[in-house]
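Below is one structure; the comments refer to it alone.
For ligands, and for the atoms within them, numbers begin at 1 and follow the listed sequence.
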Amino acid sequence: MKVDWLIVGAGFTGAVLAERIASQLNKTVLVVDQRNHIGGNAYDYYDENGVLIHEYGPHIFHTNAKHVWQYLSQFTDWYHYYHQVLGVVDGKQVPIPFNINSLYALFPKDYADKLANQLVEQYGFNVKVPILKIRETAQGNDLKFLADYIYQKVFHHYTLKQWDLTPEELGAAVTARVPINISRDDRYFQDTYQGLPKRGYTMLFKNMLRHKNIRLLLNTDYQDIANDIQCERMIFTGPIDVFFSHMHGELPYRSLRFNFRHTTQDLMQSVGTVNYPNEYEFTRITEFKHLTGQQVAGSTLVEEYPQPHVHGETIPYYPIPKDEYKALYRKYQAEAEKLKEKVIFAGRLADYQYYNMDQAIARALSLFEKEVCA
Ligand code: FAD
Ligand code: UDP
């Protein structure tokens, strides 16, 4: 078969690039995915009880990038939603990111007042401070106690479960994703634009890929068809180390096992996600109906069990943000550079970057302008 562009992966990175190339350049595109569906890790579907669920874990769209929001809004309307998370600390469910409301949920009012005043005095109001920074800089016995308390009860064990590493062993940006919020804002994300595609992610992807220049080939590993496709250029969004047959060794990823369970009760939790930093082997439980606003009898929830990634057996979900792995990734990047006239590498797995959806989309849109159109 002959096409202008071959794109490996029908997740956000691949779908955005396919849509842009087909609609803006009027070139033909073949999108190949090894899975039996489009959408990559954002794929959703109605389970046997009619509940819209996310097969690869809960996905909440949030961004400050107006151009990303506007781009996606061509293909979907939105269910406007602010994600809320509670974490179980000392038997109580308290707001996460940890904020002033969490203090009042955990401590007697007088002591919470004292801690809140000291936090505001030292750091200011309505600011976000990563836990590792608070631990380094907290002044006075009360704030030092608080920093250690939050570290131990919210971050330490959760991070060990999720990554099998301590917060200090990971890049500081990982725990900084969920900073201490010196405010009363209980939202998990504070981005300007937030929501879920009104008719689901899969429908959003269908709308993006519905173009006469785009052909889709599912259930197909790119390696099985590589020799049968003639293309001018290719975009690869799978794991970069797999593309190069692990020639420099395997890049480590973290994987997850999902346990879905259905209940006839209409809602089980008071918010979308409850985190369990200290108890159980799973890290969190998410109840989809909170995220989607779906009105249907019964409810489906998912527990996330982190696990090591084993090539060929589990799914590589998370690149592991650690300096030594970045160094290994750079070796693959150097290999990619040698192929740059023919192949573009992009996406969470090909860039080995812990991208949120909006970052993957922003990267794809910018690649289109800078490298595809150039
Ligand atoms: P992917 O979605 O992984 O797509 C890559 C595709 O390539 C896959 O479909 C794969 O099957 C295919 N592929 C790989 N190799 C081959 C091959 N050899 N041949 C054929 N096909 C191949 N982001 C948010 O913004 N908000 C959230 O709430 C959020 N929650 C998340 C929760 C979890 C549990 C996880 C794991 C991620 C979450 N993310 C979230 C991140 C989000 O999933 C990613 O940003 C996004 O999926 C990146 O898109 P991508 O196209 O780069 O990669
Ligand atoms: N984290 C934590 N406790 C929490 C929430 C988050 O320790 O209650 C840490 C943990 O290391 C996690 C990271 O912060 O991996 C980022 O959390 P986020 O919710 O952004 O993770 P993701 O949704 O990407 O899995």
Side-chain angles (χ1 to χ4, degrees), residues 6-17 31-43 54-63 68 83 85-89 94 96-98 130-131 150-151 153-163 165-167 170-171 173-179 188-189 191 194 196 201 205 217-226 235-240 242-243 253-256 258 272-278 283-284 286 291 302 304 306 315-319 321 346-351 353-361 363-364:
L6 170 63
I7 297 186
V8 181
F12 267 114
T13 306
V16 169
L17 282 156
V31 181
V32 181
D33 203 298
Q34 65 199 2
R35 293 174 171 166
N36 64 359
H37 57 74
I38 55 176
N41 286 343
Y43 170 68
H54 301 173
E55 170 144 348
Y56 305 99
H59 278 67
I60 299 108
F61 189 81
H62 57 99
T63 190
V68 170
H83 193 43
V85 176
L86 295 173
V88 178
V89 174
V94 309
I96 301 289
F98 199 97
I131 183 61
I150 300 173
Y151 177 85
K153 307 265 174 169
V154 178
F155 287 95
H156 186 69
H157 301 288
Y158 187 114
T159 303
L160 274 176
K161 271 199 268 189
Q162 175 72 11
W163 300 97
L165 294 167
T166 64
L170 283 162
V174 176
T175 42
R177 287 166 62 91
V178 190
Y188 200 62
F189 308 110
D191 303 41
Q194 306 191 31
L196 271 85
Y201 287 98
F205 278 89
L217 201 53
L218 298 176
N219 298 305
T220 307
D221 190 310
Y222 134 83
Q223 280 170 349
D224 296 339
I225 49 121
I235 294 164
F236 186 80
T237 76
I240 191 167
V242 175
F243 181 92
Y253 301 88
R254 200 72 180 143
S255 191
L256 291 171
F258 296 106
T273 299
V274 179
N275 285 1
Y276 293 84
N278 305 304
T283 48
R284 55 189 179 189
T286 297
L291 278 54
V302 64
E304 296 177 45
I315 297 177
Y317 285 114
Y318 292 87
R348 205 183 223 214
L349 301 168
D351 289 335
Q353 286 280 340
Y354 188 0
Y355 291 143
N356 293 327
M357 289 180 280
D358 66 321
Q359 294 169 305
I361 294 162
R363 159 104 169 114

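- Closest to atom 43 (O) of ligand 1 by heavy atom, among M357, H59, H62, is H59.
- If you check each of G57, P306, A10, P58 against atom 30 (N) of ligand 1, the one with the closest non-hydrogen atom is P58.
- The cationic group of R348 lies under 6.0 Å from the six-membered ring centre of Y318 and within 45° of the ring axis, placing it in a cation-pi geometry.
- Polar contact check, R284 against ligand 1: no nitrogen or oxygen pair lies under 3.5 Å apart.
- Of the candidates K161, R254, R284, E304 forms a salt bridge (charged side-chain N to carboxylate O under 4.0 Å, His left out) with just one, namely R284.
- Neither side chain, Y43 nor H37, offers a donor N or O lying under 3.5 Å from an acceptor on the other.
- The atoms of ligand 1 that sit less than 4.0 Å from any heavy atom of L256 are 34 (C).
- Looking from atom 4 (O) of ligand 1 to the surrounding protein, the closest heavy atom is G11 CA, 3.7 Å.
- Counting heavy atoms closer than 4.0 Å to ligand 2, residue K161 contributes nothing at all.
- No N or O atom of D358 sits closer than 3.5 Å to an N or O atom of ligand 1.
- Judged by the shortest distance from any of its heavy atoms, Y318 lies inside the 4.0 Å radius around the atoms of ligand 1.
- Nearest-heavy-atom check against atom 44 (C) of ligand 1 across Y188, Y355, F243, F189 picks out Y355.
- Checked by distance only, ligand 2 and L170 stay at 3.5 Å or farther apart across all their nitrogen or oxygen atoms.
- Heavy atoms of A42 come nearer than 4.0 angstrom to ligand 1 in no pair at all.
- For the residues L86, T159, T283, the heavy atom positioned nearest atom 7 (O) of ligand 2 is part of T159.
- Contact annotation: H156 has no heavy atom less than 4.0 Å from any atom of ligand 2.
- Taking each heavy atom of A42 and Y201 in turn, the nearest pair found is O-CB, 3.1 Å.
- Across all their heavy atoms, L86 and I96 have their closest contact at C-CG1, 4.0 Å.
- L256 and Y317 get closest at one heavy-atom pair: N-CD1, 3.4 Å.
- Numbered from 1 in the order shown, with element, the atoms of ligand 1 that lie under 4.0 Å from a heavy atom of V8 read 16 (C), 17 (C), 19 (N), 20 (C), 21 (N), 22 (C).
- Smallest separation of non-hydrogen atoms from N278 and V88: ND2-O, 4.0 Å.
- The cationic atom of R177 (NZ for Lys, CZ for Arg) does not lie both less than 6.0 Å from the six-membered ring centre of F189 and within 45° of the ring axis.
- For ligand 2, none of its N or O atoms has an N or O atom of T175 under 3.5 Å away.
- Ranking protein heavy atoms by distance to atom 3 (N) of ligand 2, first place goes to V154 O, 3.0 Å.
- For the pair R177 and ligand 2, the shortest N or O to N or O distance falls below 3.5 Å.
- Less than 6.0 angstrom separates the ring centroid of W163 from the ring centroid of Y354.
- When each atom of ligand 1 is checked for a heavy atom of Y317 under 4.0 Å away, the hits are 36 (C).
- The nearest protein heavy atom to atom 53 (O) of ligand 1 is not closer than 4.0 Å.
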